[in-house]
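Here the structure is laid out as structure tokens; the discussion comes afterwards.
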Amino acid sequence: MTSSTDSSGLTQGEMIYEGKAKRLYNTDNPERTIIEYKDSFTAFNGEKRAEMSGKGRLNNLISSNIFEYLADNDVPLHYIERIDENRQLAVKVKIFPLEVVMRNITTGSLCKRLGVQEGLHLQRPLLEFYYKDDALGDPIVTEDHALLFGWATEEDLFQIKRITLRVNDLLRNLFSSLGIVLVDFKLEFGRDAAGNLLLSDEISPDTCRFWDSSTGDRLDKDRFRKDLGDVLGAYEEIWRRLSERKK
Ligand code: UDP
């Protein structure tokens, strides 16, 4: 399939990668890629799956909106623009094989792994690295693993940590103004052809935990993971609050 994009004039070429939630396509510019958000949900390393019509659109709208807020605050991004309901245009990057998780409140795998109490407000943000490998179930790793196995350099890790802390500050402020607590989130980073280190992938209710400040309601993928119901209603609510925000 080839189709012209609205504003960039680039033509979508062959699919180069299909992940659990997104498809990536070549364009006629080798330094650009088109990202298409799918309607699929997966959790527990792909063991639990579902399709929900409209989920790709919501994550594309939410992720684009958040990236635009971060761009306004000078965070270096692969995101260029939203093309239409399901697609974004981005700089083509080579992704570091690391998932960078930042936590403000304890929950999820942290509590399971270490037996610490849920819902503790951490004195400062906690940063963790996971090695991106589905076959291994994305194991938690240290910076030393990343250095010794060549997944990133010392300078890369320094930049990744600096940007992640800044994104946490920016997103906590943004979501707090929308009546939402940013509990934790996952980021991915890549490097473009010119060597720039860029925040990549997506930022959405699939990759963040959002708790309503007054009710404590879960407004993220935990509704799917834990069968809490009305999954898309929660994503709609995040989008409603973001899109009504006064800039
Ligand atoms: N996360 C993600 N992708 C993953 C693993 C985690 O986006 O493959 C996000 C998750 O949505 C949460 C944060 O990273 O916002 C921390 O997740 P955790 O380690 O607690 O894992 P989980 O309990 O989701 O397995």
Side-chain angles (χ1 to χ4, degrees), residues 17-22 35 37-38 40-50 52 55-56 58-60 62-63 66-67 70 78-79 95-122 124-142 145-146 151 160-161 163-165 167-168 170-172 174-176 180-190 199-212 216-228 231-232 234-235 237-238:
Y17 175 78
E18 176 156 17
K20 296 183 196 108
K22 298 187 288 299
I35 302 170
Y37 284 68
K38 307 200 294 184
S40 40
F41 271 100
T42 66
F44 310 120
N45 203 15
E47 276 170 41
K48 179 170 178 170
R49 288 161 189 273
M52 285 185 213
K55 186 261 192 176
L58 283 167
N59 267 3
N60 184 37
I62 293 167
S63 196
I66 293 174
F67 278 144
L70 294 177
H78 83 326
Y79 173 86
I95 295 280
F96 291 95
L98 293 170
E99 295 195 338
V100 185
V101 168
M102 177 140 273
R103 304 176 186 272
N104 298 305
I105 298 179
T106 60
T107 189
S109 73
L110 173 69
C111 297
K112 264 191 222 115
R113 184 181 314 108
L114 301 181
V116 296
Q117 193 189 324
E118 258 202 88
L120 294 177
H121 290 244
L122 295 162
R124 59 177 175 81
L126 171 64
L127 187 138
E128 299 172 336
F129 290 103
Y130 294 81
Y131 178 48
K132 265 168 72 77
D133 187 311
D134 281 342
L136 298 175
D138 297 344
I140 192 165
V141 294
T142 67
H145 290 114
W151 303 328
I160 286 171
K161 286 189 288 183
I163 298 169
T164 302
L165 279 164
V167 168
N168 187 45
L170 289 166
L171 293 189
R172 276 175 85 164
L174 170 66
F175 282 98
S176 137
I180 293 165
V181 180
L182 177 66
V183 174
D184 57 28
F185 58 92
K186 183 261 307 179
L187 300 180
E188 296 190 24
F189 291 84
L199 174 59
S200 305
D201 196 49
E202 71 179 278
I203 302 181
S204 73
D206 272 13
T207 64
C208 304
R209 283 193 174 98
F210 297 127
W211 294 355
D212 184 279
D217 279 355
R218 271 48 176 171
L219 298 173
D220 57 59
K221 198 164 102 174
D222 271 352
R223 300 203 74 82
F224 173 69
R225 294 189 187 97
K226 300 180 174 183
D227 296 316
L228 300 177
V231 181
L232 281 195
Y235 285 52
E237 182 59 18
I238 296 291

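Order of appearance sets the numbers: ligands from 1, and atoms from 1 within every ligand.
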Self-check item: Numbered atoms and elements of ligand 1 in range of Tyr130, under 4.0 angstrom, heavy atoms
Solution: 19 (O)
Quiz item: Tell me, which protein residue and heavy-atom name are nearest atom 19 (O) of ligand 1, and how many Å apart are they?
Solution: Ser109 OG, 2.5 Å
Quiz item: Mind checking whether Asp206 has a heavy atom under 4.0 Å from ligand 1?
Solution: yes
Self-check item: Ligand-side contact atoms (ligand 1) for residue partner Gly108, heavy atom cut-off under 4.0 Å
Solution: 20 (O), 23 (O)
Exercise. Measure the distance from atom 10 (C) of ligand 1 to every protein heavy atom, then report the residue, atom name and distance (to 0.1 Å) of the closest one.
Key: Arg225 NH2, 3.5 Å
Self-check item: Numbered atoms of ligand 1 (with element) below 4.0 Å of Val101, judged on heavy atoms
Solution: 14 (O), 16 (C)
Self-check item: Distance from atom 17 (O) of ligand 1 to nearest protein heavy atom, with residue and atom
Solution: Arg209 NH1, 3.5 Å
Quiz item: Taking only heavy atoms of Glu99, which atoms of ligand 1 are found under 4.0 Å from at least one of them?
Solution: 4 (C), 5 (C), 8 (O)
Quiz item: Would you call Arg103 a ligand 1 contact, heavy-atom distance under 4.0 Å?
Solution: yes
Exercise. Assess the side chains of Asn168 and Asn104: does a donor N or O sit below 3.5 Å from an acceptor N or O?
Key: yes
Quiz item: Is ligand 1 under 4.0 Å from a heavy atom in the side chain of Cys208, in the backbone, in both, or in neither?
Solution: backbone
Exercise. Please report which non-hydrogen protein atom sits nearest to atom 2 (C) of ligand 1, along with the residue it belongs to and the distance in Å to one decimal place.
Key: Lys186 CE, 3.5 Å
Practice problem: May I ask you to test the His78-Phe67 pair for a side-chain heavy-atom distance under 4.5 Å? | Solution: yes
Practice problem: For Lys186 and Val101, indicate whether the former's side chain and the latter's backbone hold a donor-acceptor pair under 3.5 Å. | Solution: no
Self-check item: atom 12 (C) of ligand 1 [closest protein heavy-atom partner, distance rounded to 0.1 Å]
Solution: Asp184 OD1, 3.2 Å
Quiz item: Heavy atom under 4.0 Å from ligand 1: found in Lys221's side chain, backbone, both, or neither?
Solution: neither
Quiz item: Is the shortest distance from atom 6 (C) of ligand 1 to a protein heavy atom below 4.0 Å?
Solution: no
Quiz item: Quick one: side chain to side chain donor-acceptor pair (under 3.5 Å) partners of Asp220, sequence neighbours excluded?
Solution: none
Quiz item: Is there a donor-acceptor contact under 3.5 Å from the side chain of Ser63 to the main chain of Ser204?
Solution: no
Quiz item: Taking the six-membered ring of Phe224, is the NZ or CZ of Lys48 close enough (under 6.0 Å from the centre) and on axis enough (within 45°)?
Solution: yes
Quiz item: Quick one: ring-ring contact (aromatic ring centres under 6.0 Å, His included) partners of Trp151, sequence neighbours excluded?
Solution: Tyr131, Phe149
Quiz prompt | Reported OG1-to-CZ distance for the pair Thr107 and Arg218, which is rounded to 0.5 angstrom | solution = 6.5 Å
Quiz item: Within the side chain of Ser40, is there an N or O that forms a donor-acceptor pair under 3.5 Å with the backbone of Lys20?
Solution: yes
